[in-house]
Q: 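Sharing a structure with you now.
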There are 2 protein chains.
Amino acid sequence: MPATIRDVARASGVHISTVSRTFSAPHLVNPETRVRVLACAEELGYRPNRAARALITGRTHNIGLIIADIANPFFPPLIKAAEGQARHRDYHVFVADTNEDPAAEEELVHALAKQVDGVLLCSPRMSNALIEQVSREVPVVVINRQVTGLPCVMMDVGQGARAAIEHLLGLGHRQLALLGGPRGSWTNQQMRRAAGAAARSGGAELTVLGPNPPTETGGSALATQVRDSGVTAVLAYNDLMAIGLIEGLDHLGIRVPQDVSVVGVDDIALSRLTRPKLTTVATPTAAAGRTAVDMLLQHDSELRPRGGGRAAAVGDRRTTAQVMLQTELVIRDSTGPLPGRSRPGSVPDGPGPHRLADPGSPTVTTGGVVAS
Amino acid sequence: MPATIRDVARASGVHISTVSRTFSAPHLVNPETRVRVLACAEELGYRPNRAARALITGRTHNIGLIIADIANPFFPPLIKAAEGQARHRDYHVFVADTNEDPAAEEELVHALAKQVDGVLLCSPRMSNALIEQVSREVPVVVINRQVTGLPCVMMDVGQGARAAIEHLLGLGHRQLALLGGPRGSWTNQQMRRAAGAAARSGGAELTVLGPNPPTETGGSALATQVRDSGVTAVLAYNDLMAIGLIEGLDHLGIRVPQDVSVVGVDDIALSRLTRPKLTTVATPTAAAGRTAVDMLLQHDSELRPRGGGRAAAVGDRRTTAQVMLQTELVIRDSTGPLPGRSRPGSVPDGPGPHRLADPGSPTVTTGGVVAS
DNA sequence: TTCTTCACTGCAAACCTTTGCAGCAACCGG
DNA sequence: CCGGTTGCTGCAAAGGTTTGCAGTGAAGAA
């Protein structure tokens, strides 16, 4: 039913190669011929078959985006930013969700491999070794993880966690807890290390609870543990867990921030909607999406050798940069002074969130260019 | 670099067709040969090129899912359900986001057309005529919209809106407002019609405000209008708008539900997290995702004719069913009795949500099978 | 022994497109 | 009038796979 290039050629009385050129190199064909061909194509509803084109050009003009959990509101801004950036470069993004399952992750990248020019691996749960292996099959940019030899875009959650801990120390807290995220998460490691160091150097004690599923339920399930541990302030792996925890504490009759302070990570839209509004470490998710697409497509314009070897596909790994994006602590209403010293009952509604305008572009390249 | 079928054939000393059969019809090849071929394939890291396979079989084993806005928490459960169902049938789902833009929508389905076996059009914003047109290019199942002659899965928001209005009437409200959704939304029409009828037959007045963007901001922007209109209860197009409205009213010093009652639609996870918890119309989004995939793939097993015509691709339209899924009103804390009669200050925390277990499968086929 | 059947494998066409090369006509400068 | 350039078009190979058909050898039946 769908018209092929041959149908158009027949209808317009030219060779198929002329039709092909009409679409992929219009300047090579006579204007008169061109309009005739275009008219026929229009009439027949012809659209070039991208799969067939990909077979020979080696370019699909698609990129894959693999993420752990679409339902986590952390991802949509990243997805949208990546889509927008890709669209500018005439690429499409296919999103796939792995349900936090490393096996599904691997299967997906294999399924995607031949249908896309590269994949963005976002917050991968699989091992570094496996990532390196799949990166030999298809160009990969890793988001939210550092793996040597591969292009990565990371968010400096270590710095964020440190800022959060220091904020809590400044409020007088000395008994702190960290709600760990999922096993296999690089972010989790970074936070743990940085938070631990910050707490130690502030003379405070940090209890680590976890690993846990990085969801609201994961957070609320920890409420009793948090209560029993006697801590007065908590840093959660992400906002969802923080919100879940607040919810769970509420059920136990523990108030936030009067009795316990809670800090999240991500600054998802939701964190502005809950009561109390969440103090959190804002991560530049949109910038991460844009940057990752740029890195994957940086060699876009390079010509592809015909015949000889396979395509020097997009994202040729001759220079692999590693980019670290900055995070920022946004102070809202879920943190307050240590219970003992608080002016009871009143939450300081004072200065409100002291946050700079949306980071967007202040991307800091720490890794620079690394030869591989 | 990536190994092709030819490399494997050479390595294992057989013809490429044997290699091909080893993967797509193992019973046709000698067990000994098979293990040898598999071993070589394993060693070379060979994976069949799905694009090339699709070129000849006419089946990509991919399905496209086009949605208006990934950031809307309404969609993720649907996406996940569709992915799960597809995986069972050995299909992959590619998700794409249109940013609520009808033009992007059309472009996307064209881009997807040749790379998938069918597309799920979820809450489309384009015209019915356009949908019918693209459905001639690629099999389509429409979600959240009724278009005659095409398979559709809908949620009965009309019934939901009616139930919501009746709930509000029961609480004594007579001045009602409906916060409209985006232009081009079928759901919007259904709600408007049903809510209008229910209000009329209850002797109440219904003001329609809109159209509006179906987001939290869209809701909060309407706060002053709602105040000035003097209504005492509001039904919003979706939960996001409802939550935004509550937020906006809060800034104006108007309390929910004491001063104004608010009902949302969708029952997104978030609606259980805000304070007050949202009264809302629960929609069976997961079931919708599953059902849509099933409908698209129902002719999966049919053999494809070689040569002759093009593939009788998936979702052959010989019988096109239209399925209507039921919705359910979930009463929580954002609705209360008419201000005049209320016991001031206390929100009835009483019976809590009186909701049946997650609907899941109670899917009701209203349309039955329709010849096309 | 001869014929049939069977299990397996090879051959080659087909899917739809891109692209290097060659052909061809018209035009230009000399 | 000739050699060269320019602008356009056709030819055919290539890309990786599937699959109908035909061929092979061996086993079984008559």
Side-chain angles (χ1 to χ4, degrees), chain A residues 1-10 12-37 41 44-61 113-115 117 137 303-311 313, chain B residues 1-10 12-37 41 44-61 113-115 117 303-313:
Chain A
M1 178 66 182
T4 80
I5 201 173
R6 237 174 292 271
D7 300 324
V8 179
R10 196 168 14 228
S12 48
V14 297
H15 193 262
I16 56 165
S17 52
T18 303
V19 179
S20 172
R21 275 187 277 256
T22 304
F23 289 95
S24 48
H27 60 280
L28 288 181
V29 10
N30 186 316
E32 274 179 50
T33 321
R34 197 192 312 162
V35 302
R36 188 153 39 95
V37 170
L44 274 66
Y46 168 74
R47 307 226 164 228
N49 183 327
R50 299 177 65 127
R53 174 182 296 186
L55 191 56
I56 180 162
T57 61
R59 295 292 185 83
T60 62
H61 270 242
K114 295 291 197 332
Q115 319 193 47
D117 295 342
E137 188 173 348
L303 292 162
R304 172 187 175 251
R306 182 80 190 293
R310 276 288 286 131
Chain B
M1 179 68 183
T4 79
I5 201 173
R6 239 173 290 271
D7 300 324
V8 180
R10 194 166 18 227
S12 47
V14 298
H15 194 263
I16 56 164
S17 51
T18 304
V19 179
S20 172
R21 276 186 276 259
T22 303
F23 288 95
S24 46
H27 59 280
L28 288 181
V29 10
N30 186 317
E32 272 179 51
T33 320
R34 198 192 312 164
V35 302
R36 189 154 38 94
V37 169
L44 273 65
Y46 167 74
R47 307 224 164 229
N49 182 327
R50 300 176 63 124
R53 174 182 296 186
L55 193 55
I56 180 160
T57 61
R59 295 292 186 83
T60 62
H61 269 242
K114 295 292 197 331
Q115 319 192 47
D117 295 342
L303 292 163
R304 172 185 175 253
R306 181 80 189 296
R310 276 289 284 132

Q: As an exercise, state the distance from CD of A:Glu137 to CZ of B:Arg47, rounded to the nearest 0.5 Å.
A: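 Going from the CD atom of A:Glu137 to the CZ atom of B:Arg47 covers 5.5 Å.
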Q: Tell me, please, which residues at least two apart from A:Arg6 pass salt bridge (charged side-chain N to carboxylate O under 4.0 Å, His left out).
A: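 Counting only residues at least two positions away or on another chain, A:Arg6 forms no salt bridge (charged side-chain N to carboxylate O under 4.0 Å, His left out).
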Q: Return the 5'-most residue of the pair A:Ile16, A:His27 with respect to DNA chain D, ranking by each residue's nearest nucleotide.
A: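 Upstream on the strand: A:His27.
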Q: Round to a whole Å and report the spacing from CG of A:Leu28 to P of C:dG23.
A: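 It works out to 19 Å between those atoms.
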Q: Whole-Å distance between C:dC15 P and B:Asn49 CG?
A: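 Spelled out: CG on B:Asn49 to P on C:dC15 is 18 Å.
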Q: By nearest nucleotide on DNA chain C, pick out whichever of B:Pro31 and A:Arg47 is the more 5' one.
A: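 Closest to the 5' end, via its nearest nucleotide, is B:Pro31.
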Q: Do you know which two heavy atoms are closest between B:Asn49 and A:Lys114, and how far apart they sit?
A: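 Smallest heavy-atom distance, with atoms named: OD1-CB, 3.9 Å.
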Q: Starting at CZ of A:Arg10 and ending at C1' of D:dG10, how long is that distance when rounded to a whole Å?
A: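 One finds 17 Å between C1' of D:dG10 and CZ of A:Arg10, rounded.
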Q: Is B:Ser20 reaching over with its side chain to a backbone N or O of B:Ile16, donor-acceptor style, under 3.5 angstrom?
A: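 A pair under 3.5 Å: no.
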Q: Would you mind reading off the distance between B:His15 atom NE2 and D:dT17 atom C1', rounded to a whole angstrom?
A: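 Between C1' of D:dT17 and NE2 of B:His15: 12 Å.
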Q: From the set D:dG10, D:dT9, D:dT17, return the single nucleotide nearest to any side-chain atom of B:Tyr46.
A: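 Taking heavy atoms from C-beta onward, the closest nucleotide is D:dT17.
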Q: By nearest nucleotide on DNA chain D, pick out whichever of B:Ile5 and A:Thr18 is the more 5' one.
A: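 The residue closer to the strand's 5' end, by nearest nucleotide, is A:Thr18.
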Q: Sub-3.5 Å donor-acceptor pair from the side chain of A:Arg21 to the main-chain atoms of A:Val29, do we have one?
A: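 Answer holds: no.
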Q: For the pair made of CZ in B:Arg53 and C1' in C:dC16, what is the distance, rounded to whole Å?
A: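 From B:Arg53 CZ to C:dC16 C1': 18 Å.
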Q: Between C:dA14, C:dT17, D:dG10, which one does the side chain of B:Ile56 approach most closely?
A: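 My answer, after comparing the listed nucleotides, is C:dA14.
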Q: What's B:Val14 touching, base or sugar-phosphate or nothing? Going by heavy atoms closer than 4.0 Å.
A: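 Sugar-phosphate: the residue B:Val14, judged by heavy atoms under 4.0 Å, touches backbone atoms but no base.
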Q: Hey, which sits more toward the 5' end of DNA chain C by its nearest nucleotide, B:Ala52 or B:Arg21?
A: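 Closest to the 5' end, via its nearest nucleotide, is B:Arg21.
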Q: Are OP1 or OP2 of C:dT17 and a side-chain N or O of A:Ser17 less than 4.0 angstrom apart?
A: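 For C:dT17, OP1/OP2 do not have a side-chain N/O of A:Ser17 under 4.0 Å.
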Q: Take the protein atom CG of A:Asn30 and the nucleotide atom P of D:dC8, then report the distance between them rounded to whole Å.
A: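 Those two atoms, CG and P, are 5 Å apart.
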Q: On the nucleotide D:dT18, are OP1 or OP2 found under 4.0 Å from the side-chain N or O atoms that B:Thr57 carries?
A: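 No, no such contact exists.
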Q: A:Gln115 CD to D:dG16 P: how many Å, rounded?
A: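 One finds 16 Å between P of D:dG16 and CD of A:Gln115, rounded.
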Q: Within this structure, what is the CZ-to-C1' distance between A:Arg59 and C:dT19, rounded to whole angstrom?
A: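 In whole Å, C:dT19 C1' and A:Arg59 CZ are 16 Å from each other.
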